[in-house]
2 protein chains.
Amino acid sequence: MNLTEDKLDATFAALADPTRRAILRRLTGGAASVSALAEPFAMSMPAVSKHLRVLQRAGLIVRGRKAQWRPCTLNAKPLKQAAQWIDQYRKFWEESFDRLDAYLKGLQAKRKKHAK
Amino acid sequence: MNLTEDKLDATFAALADPTRRAILRRLTGGAASVSALAEPFAMSMPAVSKHLRVLQRAGLIVRGRKAQWRPCTLNAKPLKQAAQWIDQYRKFWEESFDRLDAYLKGLQAKRKKHAK
DNA sequence: TAGTTACGTAACCGATTGGTTTATTACAAG
DNA sequence: CTTGTAATAAACCAATCGGTTACGTAACTA
């Protein structure tokens, strides 16, 4: 079993939904209750509750307990590993190291030749 | 419509699968045919073909044509936006800015008090 | 021309996702 | 003890996902 890979699965899957990304963004401003988090969205509370469960299973939020409220708190740590994974590819999108760049330049050169 | 958000959806969704991440990793070594990409995996070629379509729709690969081969080329540019998005949260996982840190420290302080 | 190789398409399947509505639980305030 | 509020649970639904097998097709090869 590869724990790191599984974590990346859960993290990226959690980030693949705009509602969940918006929730994370909101939590950068501090902890919030479920109904507070649901307020900006045109969807029912159970739907938001499900999104929160996805975020929790990815470790991106932690849920507390305050009377009948369950305040959610941001935990950005899983994003660190995601950032590190993506960073492997930095050299491929920076400068002219990009393999697509080489490919497209090749095509361009070919076209110029034909145009002559 | 928000193009950037849609792109992030597609990018993160594409990255959420270990097979697709392995394919991207493989392509850092240069372009490869579909069968070459399929070789390491215990799955049929159509399955790999579907993964490639997901990667293509996310803009993470470009497909060429060389006789009966369809060489796939890495295009890391969408990862740049993904990295930028994640980077918004860097300060939350670095140092002690993490909100969870504060929360857990709060709990710890509470427990100490009770233990007295 | 016939056969082989490399790949895509189509149809199908079970599991998961993202949403709903309708209970149900937990707590606080009268 | 009743009522209201915050949230989860359960059941359901359509759509998507990740895989399969079967078939189609384009291009090289004998």
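Below, chains carry the letters A, B, ... as their sequence lines are ordered, and counting in each starts from 1.
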Checklist entry - Which class fits the ring pair B:Trp85 and B:Phe12: parallel under 30°, tilted 30 to 60°, perpendicular over 60°? => result perpendicular
Next on the checklist: In whole Å, I'd like the distance from the CZ atom of A:Arg57 to the C1' atom of C:dG18.
Outcome noted: 15 Å
Next on the checklist: Taking the nucleotide of DNA chain D with the nearest heavy atom to each, does B:Val54 or B:Trp69 sit closer to the 5' end?
Outcome noted: B:Val54
Next on the checklist: What's A:Ser49 touching, base or sugar-phosphate or nothing? Going by heavy atoms closer than 4.0 Å.
Outcome noted: sugar-phosphate
Item to check | Interatomic distance where CG belongs to B:Leu52 and C1' belongs to D:dC17 [whole Å] | outcome: 16 Å
Checklist entry - Any side-chain heavy-atom pair from B:Leu60 and B:Leu27 closer than 4.5 angstrom? => result no
Checklist entry - Can you tell me if the side-chain N/O atoms of A:Arg63 get under 4.0 Å from OP1 or OP2 in D:dT8? => result yes
Checklist outcome for this item: In whole angstroms, the gap separating P of D:dT21 from CE of B:Met45 amounts to 13 Å
Checklist entry - Nearest of D:dA26, D:dA6, D:dT20 to any side-chain atom of A:Ser35? => result D:dA6
Checklist outcome for this item: Of the candidates C:dC7, D:dT20, D:dC12, the side chain of A:Lys50 sits closest to D:dC12
Checklist entry - Could you walk me through whether A:Lys80 and B:Glu94 pass the salt bridge (Lys or Arg N to Asp or Glu O under 4.0 Å) check? => result CA-CA 9 Å; A:Lys80 183 177 183 176; B:Glu94 277 178 354; over 6 Å; no
Checklist entry - How many Å lie between CZ on A:Phe41 and P on C:dT20, as a whole number? => result 13 Å
Checklist outcome for this item: Whole-Å distance, A:Ile61 CD1 to D:dA7 C1', equals 13 Å
Checklist entry - Between atom CG of B:Leu37 and atom CG of B:Leu52, what is the distance when rounded to the nearest 0.5 Å? => result 6.0 Å
Checklist entry - Considering heavy-atom distances to DNA chain C, does A:Ala42 or B:Pro71 have its closest nucleotide positioned more toward the 5' end? => result B:Pro71
Next on the checklist: Whether A:Arg53 contacts D:dA9 is assessed here as follows: a side-chain N or O lying under 4.0 Å from the phosphate OP1 or OP2. Is that the case?
Outcome noted: no
Item to check | D:dT20 OP1/OP2 closer than 4.0 Å to side-chain N/O of B:Ser44 | outcome: yes
Item to check | Rounded interatomic separation in angstrom, taking CG from B:Asp17 and P from D:dC17 | outcome: 11 Å
Item to check | Euclidean distance, atom CD of residue B:Gln68 to atom C1' of C:dT4 [Å, nearest integer] | outcome: 9 Å
Next on the checklist: Using heavy-atom distances to pick each residue's nearest nucleotide on DNA chain D, tell me which of A:Ala36 and B:Pro46 is more 5'.
Outcome noted: A:Ala36
Next on the checklist: Let me spell it out: for each of A:Ala67 and A:Met43, pick the nucleotide of DNA chain C with the closest heavy atom. Which residue's pick is nearer the 5' end?
Outcome noted: A:Met43
Next on the checklist: Restricting to non-hydrogen atoms, name the atom on B:Val48 and the atom on B:Met43 that form the minimum distance, rounded to 0.1 Å.
Outcome noted: CG2-CG, 3.9 Å
Checklist entry - What nucleic acid atoms does B:Ser33 come within less than 4.0 Å of, heavy atoms only: base, sugar-phosphate, or nothing? => result sugar-phosphate
Checklist entry - How long is the line joining NE2 of B:His51 and C1' of C:dC7, in whole Å? => result 16 Å
